[in-house]
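Here it is: the structure, laid out below.
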Amino acid sequence: MARLVALDTTSAQGSIALLEDGVILEELEMHSPDGFSPVLFGKLQEMLERHHWDIKSVDCFAGATGPGSFTGVRVCLTAIKGLAESCQKPVIGISNLAAIATFGTEAIRAPWLDARRGEIYGAIFTHDLELIREEAVLSLDQWKASLPSDAELIAGDGKPVAAAIARIAYPQFLAGLRKDPAALDANYVRRSDAELFWTEVV
């Protein structure tokens, strides 16, 4: 028996999912425009209690690595790293765009997310989530113009993705493709405003 907890706090529409032996037991949507730090662990604890799970019984923690809100990505990674370290369990990071691609139905899938500033985050995947065009940030018009004619556009904003993250992470966990919490990195795709400002100043 394998149990996974999956988290996503990379946008205002976050989610938590519990997976056991490949089956999603529950996915909880969270809407928190002011941030998830004050509510995340309380919501997770309520879910665990509903399903009679002890946190120590979780075998792996999976989380959205981005792209998305810089603060939201950091909150998600800090949460799963902290949980994994306290339980001495591994972690698996999953791209938000890969998770969004699972909502598609076509052979070639082009998930995208609003990146603000008139831009989007986008990538192209096959139906089995093989990445065939690297994740990038550009305008939506540029993105659409660059796509193969048979690519299915999949908008991700507003979609809860924790269950999709759990489903992607589960076979990776079984295959041993897990990480030590300290080795998990964020997938920002572009630099933050603070980094851009610092580069301009220096």
Side-chain angles (χ1 to χ4, degrees), residues 1-11 13-32 36-37 39-68 72-73 75-105 109 111 113 123 125-131 154 156-187:
M1 181 172 68
R3 289 177 168 177
L4 273 73
V5 167
L7 305 177
D8 171 44
T9 63
T10 59
S11 70
Q13 187 69 44
S15 51
I16 308 172
L18 304 185
L19 177 146
E20 187 170 49
D21 291 339
V23 177
I24 297 295
L25 302 183
E26 183 180 353
E27 182 178 41
L28 174 70
E29 295 183 43
M30 301 181 294
H31 185 68
S32 183
F36 292 98
S37 295
V39 299
L40 176 60
F41 290 105
K43 295 292 187 183
L44 174 58
Q45 184 59 38
E46 291 172 6
M47 288 183 71
L48 294 173
E49 290 174 357
R50 277 198 296 275
H51 295 276
H52 308 291
W53 283 21
D54 184 280
I55 191 67
K56 297 289 187 181
S57 73
V58 176
D59 298 291
C60 182
F61 295 89
T65 58
V73 171
V75 167
C76 186
L77 295 187
T78 298
I80 63 169
K81 285 182 176 185
L83 289 165
E85 288 175 350
S86 65
C87 297
Q88 298 185 323
K89 298 295 172 64
V91 297
I92 295 175
I94 301 295
S95 162
N96 293 60
L97 293 172
I100 294 164
T102 67
F103 293 106
T105 58
R109 303 175 186 180
L113 285 165
F125 295 86
T126 63
H127 69 284
D128 56 358
L129 301 186
E130 178 185 351
L131 183 64
I154 309 168
D157 294 303
K159 288 183 172 68
V161 297
I165 288 168
R167 291 189 185 100
I168 298 170
Y170 180 64
Q172 295 186 18
F173 171 76
L174 295 181
L177 303 176
R178 321 150 193 181
K179 288 188 175 183
D180 181 272
L184 188 63
D185 291 325
N187 175 30

Partners of Ala169 by side chain to side chain contact (heavy atoms under 4.5 Å, CB included), sequence neighbours excluded? Leu4, Ala62, Ile92, Ile94
Please check this pair: side chain of Ser15 against backbone of Ala162, looking for a donor-acceptor N/O pair closer than 3.5 Å.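 It does hold such a pair.
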Atom NE2 of His51: over 12 foreign heavy atoms under 6.0 Å: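 Enclosed: over 12 neighbouring heavy atoms sit under 6.0 Å from NE2 of His51.
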How close do Ala163 and Ile24 get, heavy atom to heavy atom, and via which atoms? O-CD1, 3.7 Å
Scanning both residues in full, the closest heavy-atom pair of Gly14 with Phe36 reads N-CZ, 3.3 Å
Given Lys159 and Gln13, is the side-chain contact (heavy atoms from CB on, under 4.5 Å) satisfied, shown in steps? CA-CA 7 Å; Lys159 288 183 172 68; Gln13 187 69 44; over 6 Å; no
Please list all pairs meeting side chain to side chain donor-acceptor pair (under 3.5 Å) that have one or both residues in residues 53-64, counting only residues at least two apart or in different chains.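 Listed once each, the pairs are Arg3-Ser57.
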Measuring from Ile55:CD1 to Phe41:CZ, what's the distance to the nearest 0.5 Å? 9.0 Å
Do the side chain of Asp21 and the main chain of Ala2 share a donor and acceptor less than 3.5 angstrom apart? yes
Exercise answer: donor-acceptor pairs, residues 173-186 side-chain atoms, under 3.5 Å, sequence neighbours excluded:
| unit_1 | atom_1 | unit_2 | atom_2 | d |
| --- | --- | --- | --- | --- |
| Arg178 | NE | Phe173 | O | 2.8 |
| Arg178 | NH2 | Phe173 | O | 2.9 |
| Asp180 | OD1 | Ala182 | N | 3.0 |

Short question: side chain of Thr9, backbone of Cys76 - any donor-acceptor pair under 3.5 Å?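 Side chain of Thr9 to backbone of Cys76, a donor-acceptor pair under 3.5 Å: yes, one is there.
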Taking only residues two or more places apart in sequence or in another chain, which ones pass side chain to side chain contact (heavy atoms under 4.5 Å, CB included) with Lys89?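 Phe61, Cys87.
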Evaluation steps, side-chain contact (heavy atoms from CB on, under 4.5 Å), between Asn187 and Leu97: CA-CA 10 Å; Asn187 175 30; Leu97 293 172; over 6 Å; no
List the atom of Gly156, the atom of Ile100, and the distance in Å for their closest heavy-atom pair.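 So the two residues come closest at CA-CD1, 3.6 Å.
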What one should report as the nearest heavy-atom pair of Leu129 and Ala98 is CD2-O, 3.7 Å
Point-to-point distance, once rounded to the nearest 0.5 Å, from CG of Leu40 to CD of Gln45: 11.5 Å
Any side-chain heavy atom of Leu18 within less than 4.5 Å of one from Leu48? yes
Around atom CD of Glu49, are there more than 12 heavy atoms from other residues, nucleotides or ligands closer than 6.0 Å? yes
Taking salt bridge (charged side-chain N to carboxylate O under 4.0 Å, His left out) as the test, write out the residues that go with Glu27, two or more places apart. none
Who pairs with Glu26 by salt bridge (charged side-chain N to carboxylate O under 4.0 Å, His left out), at least two apart in sequence or on another chain? Arg50
What distance do Cys60 atom SG and Leu83 atom CG have between them, rounded to the nearest 0.5 Å? 11.5 Å
Spatial distance of atom NZ (Lys43) from atom CD1 (Ile16) [nearest 0.5 Å]: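 Here the rounded value is 8.5 Å.
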Given 3.5 Å as the limit, does a donor-acceptor pair link the side chain of Thr102 with the main chain of Ala99, or not?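 Such a contact is found between Thr102 side chain and Ala99 backbone.
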From Asn96 CG over to Thr65 OG1, what is the distance, rounded to the nearest 0.5 angstrom?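 The OG1 atom of Thr65 is 6.5 Å from CG of Asn96, to the nearest 0.5 Å.
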Looking only at heavy atoms, the pair that brings Tyr170 and Leu19 closest together is CD1-CD2, 3.5 Å
When rounded to the nearest 0.5 angstrom, what is the spacing between CG in Leu77 and OG1 in Thr10? 9.5 Å
